There are 2 protein chains.
Amino acid sequence: MADTRSRRADAQRNYESIVAAAEAEVARSGADASLEKIARDAGVGSATLHRHFPTRQALLEAVFHDQVEGLCAQAHELAGNADPATALADWLRAVAVHGAITRGLAASLLASGRAPTTPATSSCEVMLVDAGGALLRLAQDAGTVRPEVAIIDLLTLANAVSLATEDAGVAARLIALATEGIHLHANGVPAAR
Amino acid sequence: MADTRSRRADAQRNYESIVAAAEAEVARSGADASLEKIARDAGVGSATLHRHFPTRQALLEAVFHDQVEGLCAQAHELAGNADPATALADWLRAVAVHGAITRGLAASLLASGRAPTTPATSSCEVMLVDAGGALLRLAQDAGTVRPEVAIIDLLTLANAVSLATEDAGVAARLIALATEGIHLHANGVPAAR
DNA sequence: ACCTAAATGGGGTGGCACCCCGTTTCCGTC
DNA sequence: GACGGAAACGGGGTGCCACCCCATTTAGGT
């Protein structure tokens with residue numbers, strides 16, 4: 001990350017200060033943290049913050065980029081799991097739990113999904129769709145996940161759960177519920193836990 | 001509604017003006033509508049609005065009370081449905097779709113769930129838990145819904161979906177996915193629709 | 001008609017996002 | 001090492017907001 005694009009050294013320094021301050025402040029106050037305060041903490045004028053990050057969304061994306069990368073890496077690890085359907089469910093749970101714990105992440109991803117202003121949507125969203133799509137395809141090819149399930153719906157669901165709670169336990173429970181469904185089947189509950 | 005508690009006639013008039021203005025404004029701008037503008041549209045000072053509704057949450061609850069009542073009534077109608085599990089799923093879909101369409105409703109219900117400040121939580125939430133709980137119990141007694149499923153989780157899920165999208169189609173699809181689960185079962189997809 | 005408690009709202013305070021534009025800083029060139 | 005222009009900066013302005021204070025008005029019982 002950190003955009004190696006031609007940039008003056010002082011500009012690069014400020015960029016990094018802002019992201020660092022934003023990380024701290026967003027962790028404390030969530031996605032609607034005060035941009036003024038972030039600029040103050042970073043030791044730059046508010047205009048500088050707005051120049052580097054034209055929208056709140058742009059700043060949040062810089063803040064969360066690393067964490068999203070971590071989630072994607074986790075998807076690749078889980079892909080080696082014996083049961084692809086379990087791997088998919090586990091990964092969705094990880095995404096939802098991470099989003100629930102990390103104040104602002106869910107709101108940040110949501111915002112990108114809502115406004116179709118940016119042509120190529122948020123890079124974070126694309127990363128998650130790619131990583132999750134691979135997991136989903138494995139499970140569908142194995143015949144254990146219904147073919148009409150779409151990765152974007154699963155991710156939206158995980159994100160929705162993150163948005164609705166900040167409790168990791170609740171988030172995990174809701175994802176388990178959503179992946180298993182509500183029905184009691186003749187042959188018992190499939191993979192109850 | 002409208003709190004028949006002893007109140008001077010002018011106060012009652014203002015209370016109603018404010019709720020009416022809030023309905024219009026929240027429909028246009030969502031749950032974070034400007035309280036100042038609502039007061040201006042209602043023809044009262046901002047202090048009057050804050051006196052009647054100490055928190056934004058209190059105002060939103062007054063605005064959405066009727067709609068939540070409608071959803072609860074719908075639950076009672078569906079309770080007569082032949083298949084209780086279908087009734088439950090249909091109602092959850094209705095809740096999620098309604099929340100997705102009605103700007104601010106989901107955020108309003110969420111806020112009540114987040115802050116355990118109010119001892120008896122939001123009245124809207126209690127109403128939904130009661131109405132949905134009855135439906136869930138019917139389905140569990142009929143043996144078609146797993147006994148460990150909790151109504152609060154289902155409602156949180158429906159609310160989460162509302163929060164994550166404002167598109168009725170997407171909301172309905174996500175609820176269908178969550179109630180059916182992701183798995184492909186030997187005997188085919190249960191209630192695919 | 002009067003009187004008191006209830007209710008009101010103009011205006012103050014502090015905070016915010018976002019932008020303008022005069023000033024400072026960097027860095028390639030000589 | 002000095003210089004000059006482009007790049008970057010940031011103080012301060014604007015307009016909006018939530019929330020509160022308190023002097024004034026008003027309802028409605030007697």
Side-chain angles (χ1 to χ4, degrees), chain A residues 2-22 24-26 28-63 103-104 107-108 111-112 114-115 117-118, chain B residues 2-22 24-26 28-63 103-104 107-108 111-112 114-115 117-118:
Chain A
D3 240 358
T4 339
R5 285 233 316 273
S6 64
R7 195 146 54 177
R8 251 168 54 174
D10 54 345
Q12 179 65 22
R13 236 180 296 125
N14 282 335
Y15 178 97
E16 281 160 15
S17 298
I18 292 170
V19 172
E25 192 55 26
V26 167
R28 189 174 337 121
S29 318
D32 50 0
S34 158
L35 298 182
E36 297 263 311
K37 175 156 178 49
I38 290 172
R40 233 176 292 129
D41 290 355
V44 304
S46 60
T48 298
L49 186 149
H50 284 284
R51 200 175 310 110
H52 280 294
F53 304 98
T55 68
R56 174 181 297 273
Q57 180 58 23
L59 176 56
L60 290 175
E61 211 153 307
V63 166
R103 300 189 60 126
S108 156
S112 69
R114 282 268 185 105
T117 39
T118 35
Chain B
D3 240 358
T4 338
R5 283 233 317 272
S6 64
R7 197 148 50 177
R8 252 169 52 174
D10 55 344
Q12 180 65 23
R13 237 180 297 124
N14 283 334
Y15 179 97
E16 281 160 15
S17 297
I18 291 169
V19 173
E25 191 56 24
V26 168
R28 188 173 340 119
S29 318
D32 51 358
S34 158
L35 299 181
E36 298 262 311
K37 174 155 178 52
I38 290 171
R40 231 176 294 130
D41 290 355
V44 304
S46 60
T48 298
L49 185 149
H50 284 284
R51 201 175 312 109
H52 281 294
F53 304 98
T55 67
R56 175 182 295 274
Q57 180 58 25
L59 176 56
L60 290 175
E61 211 153 307
V63 166
R103 299 188 62 125
S108 158
S112 69
R114 282 267 185 106
T117 40
T118 34

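Worth saying up front: this structure is predicted, and the values here are computed from it rather than measured. Every heavy atom of this structure was used, including side-chain atoms; hydrogens, water molecules and symmetry mates were not.
For the pair A:R51 CZ and D:dC9 P, the computed distance is 6 Å after rounding to whole Å. The distance between atom CG of A:L59 and atom C1' of C:dC18, rounded to the nearest whole Å, is 15 Å. Nucleotide D:dG10 holds its P atom 11 Å from the CG atom of A:L49, rounded to whole Å. At whole-Å resolution of the value, CG in A:L35 and P in D:dG10 are 16 Å apart. Per the geometry, CD1 belonging to B:I18 stands 15 Å off C1' belonging to D:dC19, to the nearest Å. The distance between atom CD1 of B:I38 and atom P of C:dG9, rounded to the nearest whole Å, is 16 Å. A straight line from NZ of B:K37 to P of D:dC17 spans 9 Å, rounded to a whole angstrom. Look at CG on B:D32: it is 14 Å from P on C:dA17, rounded to the nearest Å.
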Nucleic acid footprint by protein, nucleotides 23-30 of chain D - heavy-atom cut-off 4.0 Å, B for base, S for sugar-phosphate alone: ---BSS--

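Listed here is the closest heavy atom pair of A:A31 and A:A107: CB-CB, 3.7 Å. Summarising the geometry of B:S17 relative to B:A42, their closest heavy-atom pair is O-CB, 3.7 Å, with the distance given to 0.1 Å.
Closest contact between the side chain of A:S34 and the listed nucleotides C:dC16, C:dG9, D:dA18 involves C:dC16.
The phosphate of D:dC9 has OP1 or OP2 within less than 4.0 Å of a side-chain N or O from A:N14. OP1 or OP2 of D:dC17 has at least one side-chain nitrogen or oxygen of B:R40 nearer than 4.0 Å. Residue A:H52 places at least one side-chain N or O under 4.0 Å from the OP1 or OP2 atom of D:dC9. Between B:T48 and C:dG9 there is a side-chain N or O to OP1 or OP2 distance below 4.0 Å.
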Restricting both atoms to N or O, compile the protein contacts to nucleotides 28-30 of chain C shorter than 3.5 Å, with distance only.
none

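Going from atom CZ of B:R7 over to atom CG of B:N14 covers 10.0 Å, rounded to the nearest 0.5 Å. Interatomic distance, OG1 of B:T48 versus CD1 of B:I18, reported as 6.5 Å (0.5 Å rounding).
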From CA spacing to verdict: side chain to side chain contact (heavy atoms under 4.5 Å, CB included), B:I38, B:L59: CA-CA 11 Å; B:I38 290 171; B:L59 176 56; 4.1 Å; yes

Stepwise side chain to side chain contact (heavy atoms under 4.5 Å, CB included) check, A:V19 with A:H52: CA-CA 10 Å; A:V19 172; A:H52 280 294; over 6 Å; no

Check against side chain to side chain contact (heavy atoms under 4.5 Å, CB included), A:R28 and A:K37: CA-CA 12 Å; A:R28 189 174 337 121; A:K37 175 156 178 49; 3.8 Å; yes

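For the pair A:S29/A:R103, no side-chain contact is recorded, criterion being any heavy-atom separation below 4.5 Å from C-beta on. Residues A:S34 and A:E25 have side chains not in contact (no heavy-atom distance under 4.5 Å, counting atoms from C-beta outward).
Side-chain N or O atoms of B:Q57 include one that pairs as donor or acceptor with a backbone N or O of B:S108 at under 3.5 Å.
Taking for each of B:A47 and B:R56 the nucleotide of DNA chain D with the nearest heavy atom, the 5'-most of the two is the partner of B:R56.
Donor-acceptor pairing under 3.5 Å, judged by distance alone, is absent between the side chain of A:S46 and the base of C:dC16. Counting distance only, with no hydrogens placed and no angle test, the side-chain atoms of A:E36 and the base atoms of C:dC18 include a donor-acceptor pair under 3.5 Å.
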